[in-house]
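Positions are given from 1, in the same order as the sequence printed here.
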Amino acid sequence: MNKKIHLFGKTIKVSHILLTIIMFGIAFLMIAPFLWVLSASFRTYSEAISLPPKWLPPFFTEMRLGYFKKLFSNTIPFFVFMKNSLKISVIITFGMSLHGAIAGYAYAKFDFPGKNIMFALLMVAMMVPVQVTIVALYKIMTMLGVINTSWAVTLPSIFGASCPGLAGAFGVFMMRQFFMGVPKELNEAAAIDGAGPIRTFISIMLPMAKSTLASLAIIVFTYSWNDYFTTFIMINDTEKLTLPVGILSIKQPFSTGDNVVFAAVVLAILPVLIVFLIGQKWIVKSMTHVGVKG
């Protein structure tokens, strides 16, 4: 495997070539469903489900844009679903990022009774799926009188109650690991200058954590944008649905074909894809920091 060959005027190890081929294969397996959906959104239904699958979209002259035009018409409330998803995702992202930063800072820099036990329980919460707690959450939201509103989705999610595994407890853990890597001398210097815990957190710690906080916000936004289960349980009115549930509901009341659903999925992926491409450097940087610090 350490054998070297000359290729394009460079000396390359055979093992590197094999690794590259394997990685390209894995990458294709991961993007294949997206390629198929994109291709299917420009084809007739019979062409979309034909075997072998057509992975690449047809030439521009052969594209059928009618499915996308139908989404832009007034017959399907697609942009109402998108607006609802955007509103809920932004609220959850802001609230959960703030909650994760405050809780993570407290766990990293303060000593209080039961701190280790509480953090251990928080880590256990990462293994609890939302399906286990959804009945209790539904009853609580009913008591608060917010069922069938966006607050029934945002309130539990802000504190990680409806998504404990990925964005909830993980956000606190991620911010805690970052703040544990900050030298305690900074806190001591701020205290000498007369800054209290709140001033230290806002003026010193948060600016230092902006890359980790941005990474957490991207992860939370992606999760909340794609969340199907919570919205499906908490919201019933069509005009209040988010994209994941709204796309599924397109076919029945609006009598559309599968290709319109394919087109809706393609448009629904774009915001998350754009956010991820813009912020991927922060995700890599923060994950590296969390992995080696604390």
Without swapping roles, check the side chain of [X] against the backbone of [Y] for a donor-acceptor pair under 3.5 Å.
X	Y	result
K109	M180	no
N148	N236	yes
T154	S150	yes
S203	T200	no

Only counting residues at least two apart or in another chain, list the ones meeting side-chain hydrogen bond (donor to acceptor under 3.5 Å, both in side chains) with T149.
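Checked T149 against side-chain hydrogen bond (donor to acceptor under 3.5 Å, both in side chains); zero matches.
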Could I get the full list of side-chain hydrogen bond (donor to acceptor under 3.5 Å, both in side chains) partners for S39, not counting sequence neighbours?
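Partners of S39 by the side-chain hydrogen bond (donor to acceptor under 3.5 Å, both in side chains) criterion, ordered by chain and then number, come out as R43.
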Is there side-chain contact between [X] and [Y], with heavy atoms separated by less than 4.5 Å?
X	Y	answer
L248	Y228	yes
S215	M174	yes
F110	P197	yes
K139	T142	no
V153	I235	yes
M208	L186	yes
F179	M175	yes
L206	K210	no

If you count heavy atoms of other groups shown closer than 6.0 angstrom to [atom1] of [X], is the number above 12?
X	atom1	value
F232	CZ	no
I198	CD1	no
F119	CZ	yes
K115	NZ	yes

Under a 4.5 Å side-chain heavy-atom rule over Ile, Leu, Val, Met, Phe, Trp and Tyr, are [X] and [Y] clustered together?
X	Y	answer
F112	I102	yes
V135	M141	yes
W225	V80	no
L35	M30	no
F221	L270	yes

What's the spacing between [X] [atom1] and [Y] [atom2] if we round to 0.5 Å?
X	Y	atom1	atom2	value
F276	I219	CZ	CD1	9.0 Å
M118	M123	CE	CE	11.5 Å
I269	I274	CD1	CD1	12.0 Å
L86	T242	CG	OG1	12.0 Å
K240	F81	NZ	CZ	13.5 Å
I91	L155	CD1	CG	9.0 Å

Parallel, tilted or perpendicular for F262 and W36, by the 30°/60° rule?
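F262 vs W36 ring planes: perpendicular.
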Can you name the nearest heavy-atom pair linking [X] to [Y], along with the distance?
X	Y	value
L213	S97	CD1-O, 3.7 Å
A101	F201	O-CE1, 3.7 Å
N84	L241	ND2-O, 2.9 Å
I134	Q131	CG2-O, 3.5 Å
P156	W151	CD-O, 3.8 Å

Give a yes-or-no answer on whether the side chains of D227 and S224 include a donor-acceptor pair shorter than 3.5 Å.
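Result is no, nothing qualifies.
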Looking at Y105, I'd like to know if the NZ or CZ of R176 sits under 6.0 Å from its six-membered ring centre while staying within 45 degrees of the ring's axis.
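No.
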Partners passing salt bridge (Lys or Arg N to Asp or Glu O under 4.0 Å) against D193 (at least two apart in sequence or in another chain)
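Expected list: none.
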Verify side chain to side chain contact (heavy atoms under 4.5 Å, CB included) between M96 and L216, making sure each step is shown before the conclusion.
CA-CA 9 Å; M96 194 177 292; L216 175 61; over 6 Å; no
Indicate, with yes or no, if the rings of F173 and Y107 have centres closer together than 6.0 Å.
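Judged by ring-centre distance (under 6.0 Å), F173 and Y107 do not meet the cut-off.
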Criterion side-chain contact (heavy atoms from CB on, under 4.5 Å) against L267, the qualifying member of L71, I247, L243
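Testing each of L71, I247, L243 against L267, the sole residue satisfying side-chain contact (heavy atoms from CB on, under 4.5 Å) is L71.
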